[in-house]
Amino acid sequence: MEWNEKLQIIIDDVENHLQRKEEPIDSEEISKIAGCSFGFFQKVFSYMNGISFAEYIRSRKLTLAGYDLKSTDLKVIDISYKYGYDSPTSFTKAFQLFHGVSPREARNQNAALKVVPKMQISKRQEYSWKLERKEGFRLVGKSTSVSCENNLHFRKIPEFWNECQRDGTFSKLISIDAGEPGGIFGVFGAYDEQSEKMEYSIMAVSDKELPKGFREINIPGAAWAVFDCRGPVPGAIQRGWQYLNEEWLVKYPFRHAQCPEMEWYSSGNVYDSSYLSQIWIPVIEEE
């Protein structure tokens, strides 16, 4: 389930708590739906919507309190407790700051109140992504040094894939692949700024004995932002990286975990318009 879907479920749950259950928002429940810590969820919410989760909840409470004052005979003290305020005084201060009028004045027929509607998360986005926690795993394969000067890596990496297909490396990796689901990884090693070179590896998850001429990398348990790229490769994966670098990393400046960035290629026809490849970015879940 991608972030947009999770956020809409959480927003619906918030409304259920505010309007039906009349209970405080349950941070543990939200964390469970989001699949991450509550602190990390709050950060994602803020990045996506330009407003903090706490501010959104406060705005919805005061919007609903305004409806109650306009449409019911509930006492101010009852409304204040209904929306979780410790006292009518604290509620009145918050209400006046938000609406510009006091709760008493709000009941005046001519009083205009501020409205923050229930948020609707758009399901449309260029690249779907999700946060996944994964246990550590072992990768086995071959590596090469690739120049990034003048974006040469966009040409050199596909050439390395072709080489591995010709010399039997690719077939060997498929035979020892123990991933669920199965697929081949492209792993980005350390980048050297002076030489403008980086290490790139083609690998598979495996628990088999290390084949001659191969190397292994042990990936620790981590949280990953996983992006689906659809279409023939290498074009689809290259457009995915362009989107990440130009848009996603600007909008979601998460801290990078101590793991390599990776590409994952599913089994199937790599020239098909619906072929699935993925980009994995390791992130730190901050409280």
Side-chain angles (χ1 to χ4, degrees), residues 35-36 129-148 152-192 195-238 240-241 244 255-272 274-285:
C36 62
W129 67 283
K130 52 188 176 291
L131 185 74
E132 292 188 6
R133 289 196 191 93
K134 296 184 181 292
E135 300 297 324
F137 54 95
R138 173 178 176 257
L139 290 173
V140 168
K142 287 189 175 180
S143 305
T144 188
S145 178
V146 177
S147 174
C148 298
L152 274 175
H153 56 295
F154 283 138
R155 179 165 58 86
K156 293 298 183 181
I157 288 175
E159 288 178 0
F160 182 51
W161 279 88
N162 291 335
E163 180 186 327
C164 287
Q165 288 173 329
R166 288 194 304 268
D167 67 13
T169 298
F170 195 77
S171 297
K172 183 64 177 179
L173 289 174
I174 292 175
S175 70
I176 64 174
D177 181 18
E180 290 291 341
I184 304 299
F185 285 88
V187 183
F188 293 86
Y191 173 72
D192 187 306
S195 64
E196 294 189 64
K197 289 184 178 181
M198 68 176 174
E199 182 181 76
Y200 183 82
S201 305
I202 298 176
M203 310 187 113
V205 175
S206 181
D207 55 6
K208 307 291 185 185
E209 184 178 347
L210 189 67
K212 185 177 180 180
F214 281 48
R215 59 170 299 210
E216 66 179 62
I217 299 175
N218 289 303
I219 305 295
W224 303 82
V226 179
F227 301 81
D228 289 347
C229 303
R230 294 283 181 178
V233 294
I237 205 85
Q238 290 178 350
W241 280 111
L244 261 67
R255 291 178 59 201
H256 200 292
Q258 292 299 311
C259 289
E261 296 175 351
M262 299 191 290
E263 302 166 337
W264 177 80
Y265 298 89
S266 63
S267 58
N269 181 4
V270 297
Y271 301 108
D272 192 272
S274 62
Y275 176 76
L276 174 64
S277 54
Q278 293 178 332
I279 297 173
W280 293 22
I281 305 293
V283 297
I284 294 175
E285 291 187 78

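Within the model, atoms CZ of F188 and CD1 of I281 stand 8.5 Å from one another, a figure rounded to the nearest 0.5 Å. Rounding to the nearest 0.5 Å gives a distance of 9.5 Å between CZ of R155 and OG of S147. In this structure, D207 CG and R138 CZ are separated by 7.5 Å, a value rounded to the nearest 0.5 Å. Here the CD1-OG distance, from I184 to S277, works out to 13.5 Å after rounding to the nearest 0.5 Å. With rounding to the nearest 0.5 angstrom, the CZ atom of F160 is 4.5 Å from the CD1 atom of I202. Remark: T144 OG1 to W161 CH2 distance equals 13.5 Å, nearest 0.5 Å.
Shown here for R133 and G35, the closest heavy-atom pair between the two residues is NH1-O, 3.4 Å. Closest approach of G182 to D177, counting heavy atoms only: CA-OD2, 3.2 Å. Scanning all heavy atoms of the two residues, the minimum distance from S266 to W264 falls at CB-CH2, 3.5 Å. Among all heavy-atom pairs drawn from M203 and R215, the shortest one is CE-O, 3.6 Å. When all heavy atoms of L173 and G141 are compared, the closest pair comes out as CD2-CA, 3.9 Å. Summarising the geometry of C259 relative to A222, their closest heavy-atom pair is SG-CB, 3.9 Å, with the distance given to 0.1 Å.
Using a 4.5 Å heavy-atom cutoff, the side chains of D228 and L276 are in contact. A 4.5 Å side-chain heavy-atom check between E159 and L152 finds every atom pair outside the cut-off. Put simply, the side chain of S143 does not reach to within 4.5 Å of the side chain of V187, judged on heavy atoms. Residues Q278 and W224 have side chains not in contact (no heavy-atom distance under 4.5 Å, counting atoms from C-beta outward). Residues K197 and C148 are not in side-chain contact: their nearest non-hydrogen atoms beyond the backbone lie 4.5 Å or more apart. Looking at heavy atoms from C-beta onward, I157 lies out of side-chain contact with Q238 at the 4.5 angstrom threshold.
Between the side chain of S206 and the main chain of I176, a donor-acceptor pair closer than 3.5 Å is present.
Of the options K142, E263, H153, a side chain to side chain donor-acceptor pair (under 3.5 Å) to Y200 is made by E263 and by none of the others.
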Under the side chain to side chain contact (heavy atoms under 4.5 Å, CB included) criterion, do Y265 and V270 qualify, and how do the steps go?
CA-CA 9 Å; Y265 298 89; V270 297; 5.9 Å; no

Chi angles and distances behind the side chain to side chain contact (heavy atoms under 4.5 Å, CB included) call for L139, F185:
CA-CA 8 Å; L139 290 173; F185 285 88; 3.7 Å; yes

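Note on ring orientation: taking the six-membered ring where Trp is involved, the planes of F227 and W129 are parallel (angle under 30°, cut-offs 30° and 60°).
Under a 4.0 Å N-O distance rule, the pair E163/R166 does not qualify as a salt bridge.
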